[in-house]
Chemist: 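Handing you a structure now.
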Amino acid sequence: MKNDIKQILLTKEVIEKRVQEIGQEIDQYYQNREIIIITLLDGAIVFTADLIRNLAIPLRLDCLRVSSYGNSTDPETAPRILSSLKSDVRDKHVLLVDDILDTGNTLQSVFNEVTSKQPASVRSCVFLDKPERRQNGFKADWSGFSIPDEFVVGYGLDYAGRYRQLPYVGTLKPSVYS
Ligand code: XMP
């Protein structure tokens, strides 16, 4: 698996430090108000697991499954929400957590869906952001790192379902795609 990595962009240590910082910022923002975290499966699972252990505010966790890239590296133009929420978010503070903000289509459609259920507030937190790729004006309230327009794996991000368990974020050698 390590042999498939072309370059490491973010090391385990750099990621750990940044996730701690984001946790502190979110704690400060919500001031002990309870939140419902909605994490987008499958990619955000690793980031969410680390993020919630860096949060002191009361929280509950819910998950949404959204359609992914499958075996390609191109985003689908119309992301599909494939599951429903178990929580009633009405009048609650909701924090959407995703692995990466790319075109923005996924988070925008989840944001619209959650907003229609009349929560007290909806904010978003992403581990990675590729600002060059945005197709709409979606901006995350918290973002771990901005990265260039390159397909990355590790720390929950996959290619064809693999590499999620890598503790760092890196790019793949071209031979992996052929
Ligand atoms: P959009 O384009 O809707 O995409 O903002 C968000 C989803 O696309 C996936 N994505 C990636 N997955 N490496 C990955 O493993 C990447 O570089 C990458 N870029 C986007 C991801 O599932 C995210 O939730």
Side-chain angles (χ1 to χ4, degrees), residues 1-12 14-15 18-19 22 26 36-52 61-85 94-116 122-178:
M1 182 155 323
K2 272 188 189 165
N3 292 339
D4 293 346
I5 300 299
K6 183 172 86 175
Q7 190 193 359
I8 294 178
L9 300 183
L10 301 167
T11 64
K12 182 174 183 268
V14 164
I15 294 171
R18 183 68 188 127
V19 175
I22 299 175
I26 293 174
I36 298 181
I37 287 190
I38 299 179
T39 186
L40 305 197
L41 300 177
D42 300 320
I45 198 164
V46 175
F47 175 46
T48 305
D50 283 348
L51 180 66
I52 61 174
L61 188 62
D62 207 335
C63 301
L64 265 188
R65 185 172 290 276
V66 287
S67 56
S68 77
Y69 285 7
N71 285 1
S72 100
T73 58
D74 284 329
E76 297 175 20
T77 45
R80 283 169 300 137
I81 300 174
L82 305 173
S83 66
S84 51
L85 292 172
V94 173
L95 178 63
L96 307 176
V97 176
D98 203 2
D99 52 357
I100 184 162
L101 185 54
D102 188 292
T103 62
N105 292 329
T106 303
L107 266 176
Q108 187 65 65
S109 76
V110 172
F111 183 91
N112 294 347
E113 169 73 14
V114 171
T115 302
S116 73
V122 188
R123 299 283 177 269
S124 59
C125 173
V126 296
F127 171 55
L128 300 177
D129 187 2
K130 286 182 184 170
E132 292 165 48
R133 297 258 311 159
R134 204 76 82 254
Q135 290 177 359
N136 53 31
F138 197 92
K139 279 200 181 123
D141 297 282
W142 293 275
S143 155
F145 304 91
S146 281
I147 59 163
D149 178 14
E150 276 193 278
F151 194 80
V152 292
V153 296
Y155 201 68
L157 292 141
D158 73 307
Y159 171 62
R162 303 199 178 90
Y163 309 102
R164 290 192 199 278
Q165 80 265 39
L166 296 176
Y168 49 80
V169 168
T171 53
L172 287 170
K173 289 178 183 162
S175 55
V176 177
Y177 299 113
S178 50

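One-based numbering, in listed order, for ligands and for the atoms of each. Predicted, not measured: the structure shown is a model, and the values here were computed from it.
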Chemist: Name the atoms and distances for all side-chain donor-acceptor pairs under 3.5 Å in residues 40-52, with sequence neighbours left out.
Modeler:
residue	atom	partner	partner atom	Å
Asp42	OD1	Arg65	NH1	2.9
Asp42	OD1	Arg65	NH2	3.4
Asp42	OD2	Arg65	NH1	3.4
Thr48	OG1	Thr39	OG1	2.6
Thr48	OG1	Ala44	O	2.6
Asp50	OD1	Arg53	NH2	2.8
Asp50	OD2	Tyr155	OH	2.6

Chemist: Looking at every non-hydrogen atom in both residues, tell me the closest pair between Ser116 and Glu113 and how far apart they are.
Modeler: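 Nearest heavy atoms, Ser116 then Glu113: OG-O, 2.6 Å.
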Chemist: Just one of Asp102, Asp129, Asp149 clears the salt bridge (charged side-chain N to carboxylate O under 4.0 Å, His left out) bar with Arg134, so which one?
Modeler: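 Only match with Arg134 under salt bridge (charged side-chain N to carboxylate O under 4.0 Å, His left out): Asp129.
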Chemist: Quick check on side-chain hydrogen bond (donor to acceptor under 3.5 Å, both in side chains): which of Thr106, Asn112, Asn105 does Gln108 satisfy it with?
Modeler: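 Exactly one option meets the side-chain hydrogen bond (donor to acceptor under 3.5 Å, both in side chains) with Gln108, and it is Asn112.
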Chemist: Checking Lys6 now: which residues fulfil side-chain contact (heavy atoms from CB on, under 4.5 Å) with it, not counting sequence neighbours?
Modeler: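 Once residues adjacent in sequence are excluded, the partners of Lys6 under the side-chain contact (heavy atoms from CB on, under 4.5 Å) criterion are Glu150, Thr171, Lys173, Pro174.
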Chemist: Please work out which of Tyr163, Phe127, Phe151 has its closest non-hydrogen atom nearest to atom 14 (C) of ligand 1.
Modeler: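 Looking at heavy atoms only, Phe151 sits closest to atom 14 (C) of ligand 1.
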Chemist: Determine the minimum heavy-atom distance between Val152 and Leu157, stating which atoms define it.
Modeler: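 Closest approach of Val152 to Leu157: O-CB, 3.8 Å.
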Chemist: By number and element, which atoms of ligand 1 are closer than 4.0 Å to a non-hydrogen atom of Asp98?
Modeler: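 Matching atoms, with element in brackets: 24 (O).
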Chemist: Contact between Val152 and ligand 1, counting heavy atoms under 4.0 Å?
Modeler: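 For ligand 1, residue contact (heavy atoms, under 4.0 Å) with Val152 is present.
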Chemist: Where is the tightest heavy-atom contact between Ser124 and Phe138, given as atom of each residue plus distance?
Modeler: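 The pair with the smallest heavy-atom distance is OG-CE2, 3.6 Å.
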Chemist: Judging by distance only, is a nitrogen or oxygen of Gly104 under 3.5 angstrom from one on ligand 1?
Modeler: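 Yes; the residue has a nitrogen or oxygen that sits under 3.5 Å from a nitrogen or oxygen of the ligand.
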Chemist: Using a 4.0 Å cutoff against the non-hydrogen atoms of Thr106, which atoms of ligand 1 qualify?
Modeler: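 Near Thr106, meaning under 4.0 Å from one of its heavy atoms, ligand 1 has 1 (P), 3 (O), 4 (O), 6 (C).
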Chemist: Please say whether Tyr159 places an N or O atom under 3.5 Å from an N or O atom belonging to ligand 1.
Modeler: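 N/O-N/O distance under 3.5 Å: no.
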Chemist: Can a non-hydrogen atom of Leu40 be found less than 4.0 Å from any atom of ligand 1?
Modeler: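 For ligand 1, residue contact (heavy atoms, under 4.0 Å) with Leu40 is absent.
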Chemist: I'd like the name of whichever of Leu157, Val66, Asp99 reaches closest to atom 24 (O) of ligand 1 through any heavy atom.
Modeler: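 Minimum heavy-atom distance to atom 24 (O) of ligand 1 goes to Asp99.
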Chemist: Can you tell me if Lys130 has a non-hydrogen atom under 4.0 Å from ligand 1?
Modeler: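 Per 4.0 Å heavy-atom rule, Lys130 contacts ligand 1.
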